[in-house]
Amino acid sequence: MAYKTTNPYTGEVVKEFDTATDNEVKAALDKAHEAFKSWRDTSLEDRGKVLQKAADLIRDKKTDLAKIITLEMGKVLPEAEAELDICIGMLEDYVKNGAKYLEPRTLESEKYGKGNCQLVYEPQGIIFIVEPWNFPAYQIVRVAAPQLMAGNVVVLKHASIVPQSSQAFEDLFREAGLVEGGFTNLYLAHEQSELVISDPRVRGVALTGSEGAGAAIASLAGKYLKKSTLELGGADAFIVLADADIDKTVEWAVFGRHWNAGQVCAASKRMIIVDEVYDEFVEKYREGVAKLRAGDPMDPQTQLSPLSSADAKKKLLEQIEKAKAEGATAEELGDPVPEQGFFVQPTILTGIKPGTYAYSHEYFGPVSQLYRVKDEAEAIELANDSPFGLGGSVFTSDEEHGKEVARKLDTGMIFINHPTGVGSDIPFGGVKNSGYGHELIDLGIHEFVNTKLVVNAGIDSEF
């Protein structure tokens with residue numbers, strides 16, 4: 001498995017990195033464990049100081065870090081900067097609220113008496129995180145911030161196409177004052193994940209990635225009895241009801257499907273529009289997508305970037321052809337995208353039938369699935385008829401009714417009048433084939449701590 005930086009806009013290989021040897025992996029785990037011995041005893045206040053310094057460094061280095069992200073995976077520069085802003089927010093949320101999230105909880109026990117039973121939250125050791133390329137900074141910080149605040153240490157296996165991004169964060173945490181070995185970036189081959197997970201000092205595994213990667217890592221975690229969390233793919237429904245503000249809804253639809261070139265697990269992939277407003281929506285949606293400007297992602301004026309790699313482009317084009325072979329109509333929109341690099345022409349798929357490949361698979365790129373339904377009930381039924389359950393959206397002028405519809409959707413997240421979004425102080429997580437577990441706020445910090453029961457039973461109490 002080769003770790004290398006390839007510019008998605010030019011196809012040029014910029015830099016290559018050696019994969020770690022097994023001995024280097026073992027040495028890194030030794031160092032991480034030694035780091036844990038001191039970091040777990042570091043006060044919450046001092047842990048918070050390190051996280052705050054990391055946030056300050058990201059703020060100071062934002063332009064340079066953003067350029068690394070754009071160089072390696074191709075997202076437009078303003079989006080890379082926005083990603084780093086969320087990283088700052090996540091770190092600062094744990095600086096502000098980490099102690100509160102980890103505050104012991106007192107239980108009211110009839111048997112042992114009021115105030116004699118507590119739940120305390122204690123760090124466990126090394127947390128192994130396996131992260132994807134589409135948000136090279138955000139994915140790291142989303143797990144590292146809570147786990148470092150909790151007193152755990154982190155070992156990272158990042159995607160092979162973003163090696164400079166991953167190393168930048170090891171360097172950044174070290175500069176912030178984190179104990180050496182507290183955050184370790186390793187260029188691992190896929191098969192070396194078992195070497196890490198099998199180590200008894202590794203106490204948890206968090207993965208963001210594909211269903212296949214999730215199944216492989218979860219299998220290893222199960223084999224070695226390690227807690228795991230998975231954030232996998234999605235095919236988020238974007239439901240448009242008859243009373244929606246169509247102009248504003250279309251604007252959000254164009255953005256929700258095409259930010260990060262559509263390479264977002266929680267992007268608005270399946271647009272489900274009731275019959276009454278379908279024609280108007282589709283006409284305006286075509287116009288909006290056609291206006292997107294493809295080009296150099298380093299240019300702040302670019303709106304549509306290339307895909308992250310040649311393999312990503314190849315897979316998406318094959319998926320489009322598969323949909324067409326099974327009866328769907330594919331309509332390309334906008335001016336021709338640049339021939340250089342890994343661009344894919346924005347495409348709308350219609351006429352997708354239940355039981356076909358496109359109906360049940362995730363399209364990771366600027367490809368929109370449009371479905372016409374007769375009414376709200378059919379929209380909900382179609383939205384739920386998916387193996388995925390990450391996020392989703394409901395667009396309506398009646399926000400209270402939107403909440404009623406949201407409760408009928410089988411997903412981990414629902415947004416009213418907005419595409420599925422992210423934030424530094426709201427949780428993230430899905431159901432079904434979109435994974436399990438949560439990240440961020442108190443839910444994220446509690447995933448890999450030991451929730452220990454401490455009971456002051458009293459020497460004279462009965463058994």
Side-chain angles (χ1 to χ4, degrees), residues 4-15 58 61-90 131-142 158-169 208-210 231 233-234 236 254-269 289 291-313 315-316 334 337-338 340-346 362-368 419-424 428:
K4 58 185 177 182
T5 298
T6 302
N7 186 331
Y9 181 58
T10 64
E12 174 194 5
V13 176
V14 178
K15 195 171 183 179
I58 294 172
K61 300 172 182 281
K62 185 165 68 172
T63 299
D64 291 338
L65 290 169
K67 287 180 178 178
I68 294 173
I69 292 170
T70 298
L71 171 67
E72 292 201 302
M73 59 75 52
K75 76 174 58 185
V76 295
L77 194 60
E79 288 184 1
E81 292 174 338
E83 177 181 344
L84 291 162
D85 286 335
I86 298 177
C87 291
I88 294 167
M90 290 187 290
E131 301 301 339
W133 44 263
N134 59 335
F135 290 90
Y138 167 74
Q139 302 286 10
I140 292 174
V141 177
R142 197 167 72 182
H158 217 325
S160 61
I161 67 171
V162 289
Q164 295 189 63
S165 296
S166 56
Q167 187 57 44
F169 272 83
T208 299
S210 67
E231 193 277 280
D236 285 14
V254 174
F255 172 80
R257 186 63 196 103
H258 295 90
W259 66 301
N260 204 23
Q263 301 169 115
V264 184
C265 53
S268 305
K269 299 187 179 81
V289 175
K291 291 177 182 176
L292 294 173
R293 179 176 179 269
D296 184 351
M298 291 288 185
D299 181 349
Q301 300 305 310
T302 296
Q303 298 166 299
L304 185 68
S305 62
L307 297 194
S308 62
S309 67
D311 286 344
K313 176 180 178 177
K315 179 181 178 180
L316 188 60
V337 295
Q340 71 176 54
F342 308 135
F343 288 92
V344 169
Q345 193 73 36
E362 178 181 31
Y363 280 57
F364 220 56
V367 177
S368 309
T420 308
V422 296
S424 60
F428 194 96

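As the structure is a computational prediction, the values presented were derived from the model and not from experiment.
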Can His258 and Ser368 be said to form a side-chain contact (heavy atoms from CB on, under 4.5 Å), step by step? CA-CA 9 Å; His258 295 90; Ser368 309; 4.0 Å; yes
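Here the CD atom belonging to Gln164 is positioned 6.0 Å from the CD1 atom belonging to Ile68, to the nearest 0.5 angstrom. Of the inter-residue distances, the one linking Thr5 atom OG1 with Glu12 atom CD reads 10.5 Å to the nearest 0.5 angstrom. With rounding to the nearest 0.5 Å, the separation of CD1 in Ile69 from CG in Asp64 is 11.5 Å. From Glu131, atom CD reaches atom CZ of Phe169 across 11.5 Å, with rounding to the nearest 0.5 Å. Taking CG of Leu77 as the start and CD of Gln301 as the end, the distance is 11.5 Å to the nearest 0.5 Å. Between atom NZ of residue Lys62 and atom CG of residue Leu65 there is a gap of 10.5 Å, rounded to the nearest 0.5 Å.
Taking both residues in full, the closest heavy atoms of Leu304 and Ala261 are given as CD1-CA, 4.2 Å, listed atom of the first, atom of the second, then distance. Of all heavy-atom pairs between Ser308 and Pro8, the closest is O-CG, 3.6 Å. The two residues Ala267 and Arg257 have their closest heavy-atom pair at CB-NH1, 3.5 Å. Of all the heavy atoms in Val264 and Glu362, the pair that sits closest is O-OE2, 4.4 Å. The minimum heavy-atom distance linking Thr302 with Arg293 is given by the pair N-NH1, 3.4 Å. Among all heavy-atom pairs drawn from Ile140 and Ser166, the shortest one is CD1-CA, 4.2 Å.
The side-chain heavy atoms of Thr70 and Glu79, taken from C-beta on, include no pair separated by under 4.5 Å. When side chains are defined from C-beta on, Ser424 does not count as touching Ile88, because their heavy atoms never get closer than 4.5 Å. Side chains of Tyr9 and Gln340 form a contact here, defined as non-hydrogen atoms less than 4.5 Å apart. Annotation: side chain of Val162 is not in contact with side chain of Pro132 (no heavy-atom distance under 4.5 Å). No side-chain heavy atom of Asn134 sits less than 4.5 Å from a side-chain heavy atom of Lys75.
Checked against ring pair (Phe, Tyr, Trp, His ring centres under 6.0 Å), Tyr138 has the following partners two or more places apart in sequence or in another chain: Phe135. Applying the salt bridge (Lys or Arg N to Asp or Glu O under 4.0 Å) test to Arg142 and every residue at least two apart in sequence or in another chain returns Glu231, Glu439. The salt bridge (Lys or Arg N to Asp or Glu O under 4.0 Å) test applied to Asp311 returns no partner, not counting sequence neighbours. Evaluation of the ring pair (Phe, Tyr, Trp, His ring centres under 6.0 Å) rule for Phe364 yields Trp133 as partners, not counting sequence neighbours. Here Lys61 pairs with Glu175 under the salt bridge (Lys or Arg N to Asp or Glu O under 4.0 Å) rule; sequence neighbours left out. Checked against salt bridge (Lys or Arg N to Asp or Glu O under 4.0 Å), Glu72 has no partners two or more places apart in sequence or in another chain.
In terms of modelled atom types and a separation under 3.5 Å, the side chain of Lys269 and the main chain of Gly234 share a donor-acceptor contact.
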